[in-house]
Amino acid sequence: PALSTAIAYLRHKTLRDRLEEITMAATESLRKSLLVEVSKIDEKDSGHERKLARAHRKGLLFLFGATDAEKFVETMTFFLIAAHQIHLQSSSKCESKGEESETADCT
(Lines give C-alpha, C1' and ligand atoms only; values in the text may rest on other atoms or scores of the structure.)
Protein backbone atom coordinates (compact mmCIF):
# COMPACT_ATOMS: atom_id res chain seq x y z
CA PRO A 1 0.00 0.00 0.00
CA ALA A 2 1.03 3.57 -0.62
CA LEU A 3 1.84 5.85 2.31
CA SER A 4 -0.21 8.61 0.69
CA THR A 5 -3.25 6.31 0.74
CA ALA A 6 -2.81 5.56 4.44
CA ILE A 7 -2.43 9.28 5.17
CA ALA A 8 -5.60 10.06 3.21
CA TYR A 9 -7.39 7.26 5.08
CA LEU A 10 -6.39 8.73 8.45
CA ARG A 11 -7.43 12.22 7.38
CA HIS A 12 -10.92 10.98 6.47
CA LYS A 13 -12.95 11.36 9.66
CA THR A 14 -15.35 8.43 9.14
CA LEU A 15 -12.62 5.99 8.09
CA ARG A 16 -10.30 7.16 10.89
CA ASP A 17 -13.08 6.77 13.47
CA ARG A 18 -13.89 3.25 12.23
CA LEU A 19 -10.24 2.25 12.27
CA GLU A 20 -9.92 3.56 15.81
CA GLU A 21 -13.05 1.67 16.91
CA ILE A 22 -11.87 -1.61 15.37
CA THR A 23 -8.37 -1.15 16.76
CA MET A 24 -9.69 -0.42 20.25
CA ALA A 25 -11.89 -3.55 20.15
CA ALA A 26 -8.97 -5.70 19.00
CA THR A 27 -6.66 -4.14 21.58
CA GLU A 28 -9.15 -4.72 24.39
CA SER A 29 -9.62 -8.34 23.36
CA LEU A 30 -5.85 -8.80 23.19
CA ARG A 31 -5.42 -7.12 26.58
CA LYS A 32 -7.88 -9.53 28.17
CA SER A 33 -6.11 -12.56 26.74
CA LEU A 34 -2.74 -11.16 27.82
CA LEU A 35 -3.86 -10.61 31.42
CA VAL A 36 -4.16 -14.35 31.89
CA GLU A 37 -0.78 -15.09 30.31
CA VAL A 38 1.07 -12.21 31.98
CA SER A 39 -0.23 -13.15 35.41
CA LYS A 40 1.76 -16.40 35.06
CA ILE A 41 5.07 -14.56 34.44
CA ASP A 42 7.36 -13.74 37.34
CA GLU A 43 9.11 -10.38 36.76
CA LYS A 44 12.06 -11.59 38.82
CA ASP A 45 12.69 -14.30 36.24
CA SER A 46 15.63 -13.28 34.04
CA GLY A 47 13.70 -14.22 30.89
CA HIS A 48 10.49 -12.38 31.75
CA GLU A 49 10.72 -9.94 28.80
CA ARG A 50 11.04 -12.83 26.36
CA LYS A 51 8.06 -14.51 28.04
CA LEU A 52 6.03 -11.28 27.75
CA ALA A 53 6.81 -11.09 24.02
CA ARG A 54 5.81 -14.74 23.63
CA ALA A 55 2.55 -14.07 25.52
CA HIS A 56 1.85 -11.12 23.22
CA ARG A 57 2.40 -13.26 20.10
CA LYS A 58 0.23 -15.99 21.59
CA GLY A 59 -2.54 -13.45 22.21
CA LEU A 60 -2.36 -12.17 18.64
CA LEU A 61 -2.46 -15.71 17.30
CA PHE A 62 -5.45 -16.51 19.51
CA LEU A 63 -7.27 -13.37 18.43
CA PHE A 64 -6.58 -13.47 14.70
CA GLY A 65 -4.88 -16.69 13.64
CA ALA A 66 -1.35 -16.80 12.22
CA THR A 67 -1.85 -15.01 8.89
CA ASP A 68 -4.19 -12.32 10.18
CA ALA A 69 -2.03 -11.67 13.25
CA GLU A 70 0.89 -10.87 10.96
CA LYS A 71 -1.33 -8.65 8.78
CA PHE A 72 -2.70 -6.85 11.85
CA VAL A 73 0.79 -5.99 13.10
CA GLU A 74 1.87 -4.90 9.62
CA THR A 75 -1.23 -2.73 9.13
CA MET A 76 -0.98 -1.08 12.54
CA THR A 77 2.70 -0.36 11.92
CA PHE A 78 1.88 1.18 8.55
CA PHE A 79 -0.85 3.40 10.05
CA LEU A 80 1.56 4.42 12.82
CA ILE A 81 4.04 5.60 10.19
CA ALA A 82 1.24 7.46 8.36
CA ALA A 83 0.08 9.12 11.60
CA HIS A 84 3.65 10.17 12.33
CA GLN A 85 3.90 11.73 8.85
CA ILE A 86 0.67 13.67 9.47
CA HIS A 87 2.09 14.89 12.77
CA LEU A 88 5.35 15.98 11.12
CA GLN A 89 3.45 17.80 8.37
CA SER A 90 1.24 19.57 10.93
CA SER A 91 4.25 20.53 13.04
CA SER A 92 6.03 21.87 9.98
CA LYS A 93 3.03 24.04 9.02
CA CYS A 94 2.83 25.40 12.56
CA GLU A 95 6.54 26.20 12.66
CA SER A 96 6.32 28.07 9.37
CA LYS A 97 3.41 30.10 10.80
CA GLY A 98 5.29 30.64 14.05
CA GLU A 99 2.52 28.93 16.06
CA GLU A 100 2.66 26.25 18.68
CA SER A 101 1.67 22.77 17.51
CA GLU A 102 -0.74 22.38 20.42
CA THR A 103 -3.10 25.05 19.09
CA ALA A 104 -6.31 23.95 17.44
CA ASP A 105 -5.19 25.28 14.03
CA CYS A 106 -1.96 23.30 14.12
CA THR A 107 -3.04 19.84 15.23
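With L19 as the partner, the side-chain contact (heavy atoms from CB on, under 4.5 Å) test is satisfied by one option alone out of T14, L10, T75: L10.
Taking OH of Y9 as the reference point, atom CG of L3 lies at 15.0 Å (rounded to 0.5 Å). Rounded to the nearest 0.5 Å, atoms CD (E28) and OG1 (T23) are 13.0 Å apart.
Cluster membership check: L80 does not share its hydrophobic cluster with L15, using side-chain heavy-atom separations under 4.5 Å among Ile, Leu, Val, Met, Phe, Trp and Tyr.
Contacts classified as salt bridge (Lys or Arg N to Asp or Glu O under 4.0 Å) and involving residues 6-19 (residues at least two apart or in different chains) are given here: K13-D17.
When the salt bridge (Lys or Arg N to Asp or Glu O under 4.0 Å) test is applied to E21, no partner is found at least two apart in sequence or on another chain.
Listed here is the closest heavy atom pair of A69 and F64: N-CB, 3.4 Å. Residues A6 and F78 come closest through the heavy atom pair CB-CE2, 3.5 Å.
Between the side chain of S29 and the backbone N or O of A25, no donor-acceptor pair lies under 3.5 Å.
E70 CD: 12 or fewer foreign heavy atoms inside a 6.0 Å radius.
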